[in-house]
Protein chains: 2
Amino acid sequence: MEQEHSEPVPAEQVAALRRFNRYFTRRIGALDDHYLGQDRPLGEARLLFEIESGDAESGDGVSLRELRSRLGLDAGYLSRMAKTLEAQGVVRVSVDPDDNRLRRVALTAAGRVEIKEQNRRANALAAGLLDTLSEPQRTELTRAMATAQRLLRLAAITVALVDGAAQDARACLDAYAADIGARFPEGFDKSDLVRPREVTGDAGAFFVAYEEGRPMACGALRTLEPGVGEIRHVWVHPDARRLGLARRILAELERAAVAHGFDVVRLDTHAVLTEAQAMYRACGYTEIPAYVDHVYADHWFEKRLAGAR
Amino acid sequence: MEQEHSEPVPAEQVAALRRFNRYFTRRIGALDDHYLGQDRPLGEARLLFEIESGDAESGDGVSLRELRSRLGLDAGYLSRMAKTLEAQGVVRVSVDPDDNRLRRVALTAAGRVEIKEQNRRANALAAGLLDTLSEPQRTELTRAMATAQRLLRLAAITVALVDGAAQDARACLDAYAADIGARFPEGFDKSDLVRPREVTGDAGAFFVAYEEGRPMACGALRTLEPGVGEIRHVWVHPDARRLGLARRILAELERAAVAHGFDVVRLDTHAVLTEAQAMYRACGYTEIPAYVDHVYADHWFEKRLAGAR
DNA sequence: CGGAACCTTTGACTAAAGTCAAAGAAATAT
DNA sequence: ATATTTCTTTGACTTTAGTCAAAGGTTCCG
């Protein structure tokens, strides 16, 4: 688990968040949800929307199972709603070809028309709201919302210490390997990934960042030699980049390193990962000569840890 | 009614607003509403909250009538909910002393305790969210939310041409007079306000800005001499200042002046209203010699209108 | 192969949220 | 003073949203 930081949140900032939350949900948020549902109960509208976005992602339909977990609905309730939507002709329910227990739900043409119309209305509503503002004001608003959203996302992400053999850990490492493999001219061999044992217990640490339950970033710490830790596999999901998440993972790893009694941490990185190098420098890492001969490494960094005894 | 501006809203800005709206209402807004209701159905929780805020405003309770219009509830539904809350001991319902048809609802001590506890939880939740951010990030978030809120408020305000004798117009002018009277060392005499006839039809115009149905700002245009209009009584409610509303009223008045065939508009202002003077200058007004001998005027401005024939 | 785990459907409920209309009491308009 | 309007209450609904458990197919695992 994450260590708690000592500085308390100023009451004024808490009040500002609540004030904004109240204003936004009462005034603006209502725009979408209320008027948008039109003739459809909210539950059905939400379901339809979720089917649409799942459908768009994966091509041919979403399974009831996935909808259930995404919307947190009761199986019976969902089953009935799906049936209602099918009776109305907006979705088609079929048996999953790969697993006959599952049902896949996909939009029909009529369903797509309805979604499109809903989107048209929502856009018109939003445009109507923005219309009274001048262009510079709209630009300012857009920028402010983007900033707020970025920071709120970051705030909602939690970083957890997990076992190096845990499924989420391996999933992150697989994604990391695939990602890196595509960027390195020489590819990447999975056998170079840390072994679960290296990053567990006294030997090291493995952190995974979760956004709404999904693993979105990771980072590993292992023992290089007595008193020296090595940071490896700092990776952030493409959808969660530019939030400042890598820095948080790094900070977590450094805290863990201090807790493990390391005085110094080292890491290596590849020439093509220029953003990563910039980040390490900005976080207090200094370039050092090669401490190990890795196939994939061109640059080596080190940081002396302040908190170490 | 407001003239529509010609420039259309860029699709990217509409998408940004909708993206933010979706993210915020699903993720953050849920924080408050869901968990906050605790043991209470949402409808009751909302009602209790509305009673609290109405109570805090006006001292001794809110009428059912007002609650009904604020929350948009059915009379029967509201009556029953109020009764439920009374049975639970969190509110007290009494007959309005001034109008025996009305019922006033006020929180009991137990009700106040519950609200307080709810606030405590909501604050803890918000603080927990902000806690993961660093201080500079929190400051940035707070600033971004304040900007977004200011602009969204401004966007939600509509400016309408109203009859100078309309109730909202007179209410604004009364507030204006009281406001000005308190700021001018010599006070202010209501007989100096424009007459309804001066600002109606061909003679002039009167605009009122509405936020959620409440009049929040006004401005008048009258005929000074043929081809010359005079702008008077530009006023913004204290709760709506620093939004840029005065500029919008001014722009509306100028548009009306062009439509009335005025080539130029003039206005006078008092020495103590320094912000107003700065605004007029920033909006293209230039200082001129006195064009009329008003008791309350120290500075006179004029603007030649571009759109005039 | 047999049992455990999984996914969905169905039946039988409940609580919340809301609608509609009739009726009574009080205030306002004529 | 009488009619009309306003505000609330009450009874009699309906729809939405959701829960729980039993049961019937499928797939997975040993």
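In this text, all values refer to a predicted model and were calculated from it rather than measured experimentally. Throughout, a chain's letter reflects where its sequence line sits, starting with A, and its residues are numbered from 1.
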inquiry  = Assess whether a salt bridge exists between Asp174(B) and Lys190(B), defined as any Lys/Arg side-chain N lying under 4.0 Å from an Asp/Glu carboxylate O.
reply    =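 Counted as a salt bridge, because a side-chain N and a carboxylate O are separated by less than 4.0 Å.
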request  = Would you indicate what Gly43(A) reaches in the nucleic acid, counting non-hydrogen atoms under 4.0 angstrom: base, sugar-phosphate, or nothing?
outcome  =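 Counting heavy atoms under 4.0 Å across all strands, the contact made by Gly43(A) is with sugar-phosphate only.
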request  = Identify whether any heavy atom of Asp74(B) sits under 4.0 Å from a base atom; if not, whether one sits that close to sugar-phosphate; answer base, sugar-phosphate or nothing.
outcome  =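 Base, at least one base atom sits under 4.0 Å.
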[X] [atom1] to [N] [atom2], straight-line distance once rounded to whole Å:
X	N	atom1	atom2	value
Arg103(B)	dA27(C)	CZ	C1'	13 Å
Leu64(A)	dG25(D)	CG	P	18 Å
Arg46(A)	dG18(D)	CZ	P	6 Å
Asp96(B)	dT6(D)	CG	P	17 Å
Arg80(A)	dG11(C)	CZ	C1'	7 Å
Asp99(B)	dT6(D)	CG	C1'	8 Å
Met81(B)	dA16(C)	CE	P	12 Å
Arg101(A)	dA5(C)	CZ	P	13 Å

inquiry  = Looking at every non-hydrogen atom in both residues, tell me the closest pair between Glu86(A) and Val93(A) and how far apart they are.
reply    =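 Smallest interatomic distance, heavy atoms only, reads OE2-N, 3.2 Å.
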message = With a 3.5 Å distance limit and no angle check, can you tell me whether Glu211(B) reaches the backbone of Ile157(B) through a side-chain donor-acceptor pair?
response =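 Answer holds: no.
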message = Working to the nearest 0.5 angstrom, can you tell me the gap between Glu66(B) CD and Arg104(B) CZ?
response =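 It comes to 8.0 Å.
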task = Check the pair Leu47(B) / Leu85(B) against side chain to side chain contact (heavy atoms under 4.5 Å, CB included), numbers first and verdict last.
result = CA-CA 9 Å; Leu47(B) 177 55; Leu85(B) 289 178; 3.8 Å; yes
request  = Taking only the side-chain nitrogens and oxygens of Arg68(A), find out if one of them lies under 4.0 Å from OP1 or OP2 of dT8(C).
outcome  =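 Arg68(A) to dT8(C) OP1/OP2: side-chain N or O found under 4.0 Å.
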inquiry  = Any side-chain N or O of Asn100(A) below 4.0 angstrom from OP1/OP2 of dG25(D)?
reply    =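 Checking dG25(D) against Asn100(A), no side-chain N or O comes under 4.0 Å of OP1 or OP2.
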ask   = Which nucleotide, dT8(C), dT9(C), dG18(D), lies nearest any side-chain atom of Leu102(A)?
value =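 Minimum distance to the Leu102(A) side chain belongs to dT8(C).
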Among dA17(C), dT9(C), dT8(C), the nucleotide that comes nearest once only the side chain of Leu42(B) is considered =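 Minimum distance to the Leu42(B) side chain belongs to dA17(C).
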